[in-house]
Structures are given as C-alpha cells and as structure tokens.
Amino acid sequence: MTLCDYRPGLEGIPATESSISHVDGKEGILEYRGIRIEELAQKGTFLETAYLLIWGGLPTKPELDAFKDEIQHHRRLKYRIRDMMKCFPESGHPMDALQACAAALGLFYSRRALENPAYIQAAVVRLLAKIPTMVAAFKLMRKGNDPVQPRDDLDYAANFLYMLNEEEPDPLAARIFDVCLTLHAEHTINASTFSAMVTASTLTDPYAVVASAVGTLAGPLHGGANEEVIAMLQEIGSVDNVRPYVEDRIARKAKIMGFGHRVYKVKDPRAVILQGLAEQLFDKFGQDEYYAIALELETAVTERLGGKGVYPNVDFYSGLVYRKLGIPTDLFTPIFAIARVAGWLAHWKEQLAENRIFRPTQIYTGPHKQPYVSVADRIHLWDKQAQPASSIQNGSV
C-alpha cells in the first residue's frame, strides 16, 4: 500500500459485500432488501421491517405473528439489570446507560453458540424486545421512580410510548413512532454498523456487538446529531435570526447540524417522510414552536449550499417529531438505537455467514532507529520548553 491509497475515515473504500440495504445518494433512494423506504413506511410496520432485514424477506402472517409473540413475551428485564440501573448516576446520559445494559445482557446469555440457529433466533428476539424496555426504564429510574412494566396487549411502538410516558398513546402517535423506527432501522455501512461488524468478526456474543454499536452511535457526528438540531433551533430562537445564523456559520466554515450527508447529495428521503410525520402530529396536537424556524432554516441553507449537495438529513426533522411525542431530548439517540438494533443484527447475522476478522493495515508515519534513553537522561519536549533559552544554549539542560 502506498500513501496515495490512504483515505481518512476509509471514505469510499468497500468494507464488505451486503444484500441488506442500498442507497443511491444522487437520486435520494433508500431500499431495504430491494424495497423502497417510502413503501415500507407507508405499508409496513417496524417488526415486519426488522424481520425483513434480519431474515432476508417479508414474513408471512404466521411468521410475523410468531415473531411478535416472542418479542412481546421477552420485554421484561431481569431484576439484577434493574438493580444495576439504580446505581447509575442521575446525570448520566441514557446512551451510556443503554450501552452498559446491552453489554450486561451478555452476562446472562453469552453462550456464544453462534453455529446454533436457535441461539441466533433467541438473541435477536431478546435484543429487539429488551432494548426499548431499558431505555424507558432508565428514563423513569433516573428520577427515582419505578419503571413501568411492559404490556403484552400493546404492539411494539405503542408499548414503548406507554412505558415511557406512563399512559397509553394516541393511535396516531403510536403509528408515527412505529414509522420513525422503520426509517432508522438500517442504512448500509455507517459508523455504528461498521463498529458492530468489526466486533462481530471476532465471534464474540451479539450483546457485545450491539453494545459496541451503541457506543459508536452516541457520538454527535452520528446518532447524537438530532439532539444537536434541537439545541441549534433553540439557539436561533426566532425566524428573523435564521439567515444571520446561517451566514455566520458559513463564514466560519462551521457545521450546521442536520444538514449534509456523506452519501446523499439531495434531501434525505427519510427527512422527507419525517417532515410529513411532523406535520401530521402538528395538525392533531398543535404546532411546535421551532417548526417555523426549521422551515426557514431549510430554505436558507438550501439557497446557500444546495448547489454543493447540502440538504436536510434524517436528523433534521426527527427531533421535532420526538418532541411532539413527549420524548425528552436526551432520549432521541437511544430511540435511534432501538430502531438500528434491527440493522446491526442483520449485519451481524450476515457477517457470520462468511466471517473473516477485520484487520486493516496502516501507513506508519513515525521515526525509525530511535535510541533507548535511560530514565535519568530523558528530557521531554515540554521540559525543554519550560527552560530559559540561555540555559539550553549554554548546555546546562
């Protein structure tokens, strides 16, 4: 390998072959197993989508009913995991709590029988079932309250909102949240999925795979961006402040959160759907004070940067949807994780089929043939910088 082969962040370098999802960034197309995201969002459910991603095809009604039944009966957490969560600091971020809890599942279920289809099935069910319960439980437990137990009579999305807000959700709210999960379920080899694949390639258990992916998703350049969008809208404060804000950010070459994507050079198709979902919620439950700011911001950024392929991404409108659903800002990224578990597990399962441990190389840029200096004679650069120039020149250092 030569220096010209190096690309920071592995940009544009294929890391695997996959049949799980496809993105055409120029045309704004996202497909799960060949099915357009718009069609899945309109006609399907999240659990159908998860089944499609993980097992390779849409389930029949008996298959879907059995899948839903398994997940409904594995939603509860072991009391020792709940006890562990009681010890987490109240100020801790929910993503850190979720990562710890996902890893802790491996203490109970880490037989690592990766050649056993029954083990794989059970791991898929447990992770899809328990991750939402963990997120909702921490939301209440960090305030000193007992978690709300899941209800087997509610579907996946409605049950999560019930556990989170302690009341049964409006059917429209539950349906919209279910669509949000579908939109976030998978997106080719992004940072957290690559993290999952690297961890999976060592043949560790799937709970460690998901925990590593959660840690990667937590960063503001990945899943944490939707939190930053709400903070940005709050900072802007009014429609009148939008264009000065945009001009200032452009002048300083600073990032405008929720805009731009490594792949999409048009408006993210998920952002289009999310904007429509937000408007459905606003029509029924009232406007969000920041929506007008968001609309003006999209217009201003598109005018100034659209020619460079900078448009709203999935994070731009998702936070506004979650706010209207009564979800705290610091739970936006854990909800992303609830959905993306489906994609991570799909890639985990695909990785197992033809596994090879990831072992990339590097381009070494350091020195060679350096002498070993005894500890008595070592003077570090910062020690030299602290000495007066005259003492260095006189050889007293």
Side-chain angles (χ1 to χ4, degrees), residues 8-9 11-12 23-30 37-38 41 179-180 183-184 186-193 216-279 281-282 287-324 327 329-330 332-333 335-336 339-340:
E11 182 174 5
V23 173
D24 184 328
K26 293 182 179 179
E27 298 296 327
I29 294 172
L30 171 60
I37 190 63
E38 293 86 353
V179 175
C180 289
L183 297 177
H184 286 87
E186 162 64 5
H187 205 258
T188 72
I189 308 301
N190 51 77
S192 59
T193 299
T216 306
L217 185 68
L221 294 183
H222 194 5
N226 50 13
E227 292 183 43
E228 301 294 331
V229 168
I230 296 301
M232 174 184 66
L233 296 176
Q234 292 171 335
E235 178 185 350
I236 293 171
S238 71
V239 171
D240 292 339
N241 294 334
V242 167
R243 292 181 183 272
Y245 177 88
V246 170
E247 294 303 324
D248 175 68
R249 301 294 285 186
I250 292 174
R252 295 193 289 113
K253 297 183 179 181
K255 186 173 179 61
I256 302 174
M257 300 306 297
F259 287 90
H261 195 278
R262 185 71 67 89
V263 178
Y264 293 114
K265 302 308 174 187
V266 295
K267 188 171 180 177
D268 189 325
R270 299 167 298 174
V272 175
I273 298 170
L274 283 162
Q275 185 176 2
L277 297 178
E279 291 176 350
L281 286 172
F282 301 155
Q287 283 286 332
D288 186 293
E289 61 182 308
Y290 296 120
Y291 186 54
I293 299 173
L295 289 177
E296 181 65 14
L297 186 60
E298 179 179 354
T299 299
V301 173
T302 300
E303 289 174 0
R304 292 288 278 109
L305 300 175
K308 298 181 179 180
V310 178
Y311 292 91
N313 58 40
V314 69
D315 297 305
F316 189 62
Y317 286 109
S318 62
L320 292 171
V321 173
Y322 296 154
R323 272 171 53 88
K324 186 53 66 174
I327 297 170
T329 304
D330 65 357
F332 292 176
T333 312
I335 286 169
F336 195 153
R340 190 54 62 85

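Owing to the predicted nature of the structure, the values given are computational and were not obtained by experimental measurement.
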Requested in this report: Decide yes or no on side-chain contact (heavy atoms from CB on, under 4.5 Å) for Leu277 and Leu281, but give the supporting numbers first.
Outcome: CA-CA 6 Å; Leu277 297 178; Leu281 286 172; 5.7 Å; no

Report task. May I have the step-by-step check of side-chain contact (heavy atoms from CB on, under 4.5 Å) for Thr188 and Thr193, ending in yes or no? Result -> CA-CA 8 Å; Thr188 72; Thr193 299; over 6 Å; no

Query raised in the report: Do Ile230 and Phe332 pass the side-chain contact (heavy atoms from CB on, under 4.5 Å) test, and can you show the C-alpha distance, the side-chain angles, and the key distance before you say yes or no?
Result: CA-CA 10 Å; Ile230 296 301; Phe332 292 176; 3.6 Å; yes

Query - Chi angles and distances behind the side-chain contact (heavy atoms from CB on, under 4.5 Å) call for Phe316, Gln275 - result: CA-CA 9 Å; Phe316 189 62; Gln275 185 176 2; over 6 Å; no

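When side chains are defined from C-beta on, Leu217 counts as touching Phe336, because their heavy atoms get closer than 4.5 Å. Contact of the Val321 side chain with the Cys180 side chain is registered, since non-hydrogen atoms from C-beta on lie closer than 4.5 Å.
Ala271 and Pro312 get closest at one heavy-atom pair: CB-O, 3.9 Å. Taking all atoms of both residues into account, the shortest heavy-atom contact from Lys26 to Val266 is O-CG1, 3.4 Å. Here the shortest heavy-atom pairing between Ile37 and Pro269 reads CG2-CB, 4.4 Å. When all heavy atoms are compared, the tightest approach of Leu320 to Tyr291 is CD1-CD1, 3.9 Å. The two residues Ala41 and Leu183 come nearest to each other via the heavy atoms CB-CD2, 4.2 Å. Scanning both residues, Ala218 and Thr333, for their nearest heavy atoms gives CA-CG2, 4.3 Å.
Each salt bridge (Lys or Arg N to Asp or Glu O under 4.0 Å) pair with one or both residues in residues 300-317, not counting sequence neighbours, appears once here: Arg243-Glu303, Glu247-Arg304. Pairs of residues two or more places apart, or lying in two chains, that qualify as side chain to side chain donor-acceptor pair (under 3.5 Å) and include a residue from residues 249-259 are Asp248-Arg252.
Put simply, the side chain of His261 never gets that close to the backbone of Asp268: no donor and acceptor are under 3.5 Å apart. Checked by atom type and distance alone, the side chain of Tyr311 pairs as donor or acceptor with a backbone atom of Gly306 at under 3.5 Å. Remark: side-chain polar atoms of Asn241 are paired, donor with acceptor, to backbone N or O of Ile236 under 3.5 angstrom.
Leu30 CG to Glu38 CD: the interatomic distance, rounded to the nearest 0.5 Å, is 7.5 Å. Separation of atoms OH (Tyr245) and CD1 (Ile250) is listed at 11.0 Å; rounding is to 0.5 Å. With values rounded to the nearest 0.5 angstrom, Asn313 atom CG is found 12.5 Å from Arg262 atom CZ. Put simply, OG on Ser192 and NE2 on His222 are 3.0 Å apart, with the number rounded to the nearest 0.5 Å. Residue Arg323 holds its CZ atom at 8.5 Å from CG of Leu233, rounded to the nearest 0.5 Å.
Using the six-membered ring where Trp is involved, His184 and Tyr322 have ring planes that are tilted, between 30° and 60° apart.
A side-chain hydrogen bond (donor to acceptor under 3.5 Å, both in side chains) with Tyr317 is found for exactly one of Glu279, Glu298, Arg270, namely Glu298.
Taking the centre of each ring, Tyr264 and His187 come in below the 6.0 Å mark.
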